[in-house]
Amino acid sequence: MGAPPVAQLRHINKIYGAGDTEVRAVNDLSLTVEAGDYLAVMGASGSGKSTAMNILGCLDRPSSGSYLLQGQPVEGLGDDDLAVLRNRCLGFVFQQFHLLAHLSALENVELPMIYANVPAEERRRRATEALHRVGLGQRLHNRPNQLSGGQQQRVAIARAIINRPALLLADEPTGALDSETTRDVLEIFDQLNGDGMTVVLVTHEHDVAERAGKVLLFRDGRIAN
Ligand code: ADP
Ligand code: MG
C-alpha cells in the first residue's frame, strides 16, 4: 500500500456565531491533498479560504467533519498534541509575515527547531542553509525592521520549511507585496514544490494558477470547480 494522502478533509463544516448571526464559513468541504501537490486556492473575499487553510494548518478546529493528516485523525488531539503536530508536520506562511521583531532572521528561522529540540549547532547550520535557499544568505543577522517586505516574507518561508513539513500552507503570502516582489516570492514556492514540497497557496494572482497543478475555486465555503 502506498503512503496515505498528506491531508484529507471530509465533510468539514465551520460555523461561527449562532442564530441570526450564524455564519457557515466552510460548508461541507471535502478535499484531498496528495504528496507533491501544488494547489492554488482562489475565490472572492469571504468565500472561506482562510478558514479552510486554518483548519488544514490545525490553527483552528472544524465544527464537524473529519481531518486526516498523513492518515492520522487530528480531531481527537488536545491543544498540546496539535502544537507538536504543527511544529513537525505543517508550515504556515501568512500575509503579514508574523516574524518576531527582536530576533534576527537567523533566530526567527531557528525558533521552530528550538521547539523541536534540535541541537544548537544543527539549528544554526540548517537555518543558515534555509535562508540561503530563499536568497537571504546576506541578511542572516538583520532584524525584521531592517528588511524589506519581500525579504521578511522570505524569512517567514524559511521558518515555515525548516522542520521539513509534510504540508506547506500559505494564505495570500504576497498580499502585502508589490508586483515585482510578488513574482520573486511566488518563484520560491515554485522551487519548493519542484523540490518535492507539497504546497497549498491562497492567491489572487492569476499566473499562479498556471504554475500550480490545480486551482481550487472557493465559493460560499466550498470548492466550486
Ligand atoms: P476568505 O479568506 O475567503 O476571505 P474567510 O475564511 O476569512 O474568507 O471568511 C469566511 C466567512 O467566515 C466570512 O463570512 C467571514 O466573515 C466569516 N468569519 C471568518 N472568521 C470569523 C470569525 N472568527 N468569527 C466570525 N465570522 C468569521
Ligand atoms: Mg482570507
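Computed from a predicted structure; not experimentally measured. Just so it is clear, the values below take in all heavy atoms, side chains as well, and ignore hydrogens, waters and symmetry mates. Ligands are counted one by one from 1 in listed order, and the atoms in each one are counted from 1 as well.
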For ligand 1, the portion of Thr51 having any non-hydrogen atom under 4.0 Å away: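 Looking at Thr51 and ligand 1, atoms from backbone and side chain both fall under 4.0 Å.
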Ligand 1 versus Ala52: contacting region, heavy-atom distance under 4.0 Å: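 It is neither; nothing of Ala52 touches ligand 1.
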Criterion side chain to side chain contact (heavy atoms under 4.5 Å, CB included) on Leu106 and His141, from CA distance to verdict: CA-CA 6 Å; Leu106 199 57; His141 301 292; 3.9 Å; yes
Enumerated ligand 1 atoms positioned under 4.0 Å from heavy atoms of Ala44: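 In order of numbering, the contacting atoms are 3 (O).
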Residues Asp28, Arg222: salt bridge by 4.0 Å N-O rule: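 So Asp28 pairs with Arg222 through a salt bridge.
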Residues Asp79 and Arg61 bridged, charged N to O under 4.0 Å: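 Yes, this pair counts.
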Working for side chain to side chain donor-acceptor pair (under 3.5 Å), residues Thr32 and Arg10: CA-CA 8 Å; Thr32 300; Arg10 286 289 170 266; 3.1 Å; yes
Path from Leu201 to Ile55 over hydrophobic side-chain contacts below 4.5 Å: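 Unlinked, Leu201 and Ile55 end up in two clusters.
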Sub-4.0 Å heavy-atom approach of Ser45 to ligand 1: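 It does, in that a heavy atom of Ser45 comes within the 4.0 Å cut-off of ligand 1.
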Atom 27 (C) of ligand 1: any protein heavy atom closer than 4.0 Å: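 It does; a protein heavy atom is within 4.0 Å.
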Per-atom contact, atom 16 (O) of ligand 1, protein heavy atoms, under 4.0 angstrom: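 So atom 16 (O) of ligand 1 lacks protein heavy-atom neighbours under 4.0 Å.
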Ala25, any N or O under 3.5 Å of ligand 1 N or O: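 The answer is no, given that Ala25 and ligand 1 share no N or O pair closer than 3.5 Å.
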Nitrogen or oxygen of Gly48 less than 3.5 angstrom from that of ligand 1: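 Yes - when backbone and side-chain N and O of Gly48 are compared with those of ligand 1, one distance drops under 3.5 Å.
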Nearest protein heavy atom with distance in Å, relative to [atom]:
atom                    : result
atom 7 (O) of ligand 1  : Ser50 CB, 3.7 Å
atom 14 (O) of ligand 1 : Val23 CG1, 3.7 Å
atom 20 (N) of ligand 1 : Tyr16 CE1, 3.4 Å
atom 4 (O) of ligand 1  : Gly46 N, 2.7 Å

Over 12 non-hydrogen atoms of neighbours within 6.0 angstrom of OH in Tyr16: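 Atom OH in Tyr16 is crowded, with more than 12 foreign heavy atoms closer than 6.0 Å.
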Identified side-chain hydrogen bond (donor to acceptor under 3.5 Å, both in side chains) counterpart of Tyr38 within the set Thr198, Asn193, Asp190: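 Single pass found, and it is Asp190.
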Pair His206-Met42, side chain to side chain contact (heavy atoms under 4.5 Å, CB included): steps then yes or no: CA-CA 9 Å; His206 282 277; Met42 304 189 84; 3.8 Å; yes
Aromatic ring pairing Phe94/His98, orientation class (parallel under 30°, perpendicular over 60°, tilted between):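 Perpendicular, since the angle between the ring planes exceeds 60°.
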Test log, rule salt bridge (Lys or Arg N to Asp or Glu O under 4.0 Å), inputs Arg183 and Glu187: CA-CA 6 Å; Arg183 271 200 304 280; Glu187 182 68 28; over 6 Å; no
Residue and atom names of protein N/O/S atoms that fall under 2.8 Å from the Mg ion (ligand 2):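 Listed by chain and number, the nearby protein N, O or S atoms are Ser50 OG.
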Under 3.5 Å, which donor-acceptor pairs do the side chains of residues 62-71 form with other protein atoms, sequence neighbours left out?
{"residue": "Ser63", "atom": "OG", "partner": "Ile15", "partner atom": "N", "Å": "2.9"}
{"residue": "Ser64", "atom": "OG", "partner": "Asn13", "partner atom": "ND2", "Å": "3.2"}
{"residue": "Tyr67", "atom": "OH", "partner": "Leu56", "partner atom": "O", "Å": "2.7"}

Step-by-step salt bridge (Lys or Arg N to Asp or Glu O under 4.0 Å) determination, Arg124 to Glu110: CA-CA 7 Å; Arg124 185 111 325 187; Glu110 282 188 53; 2.7 Å; yes
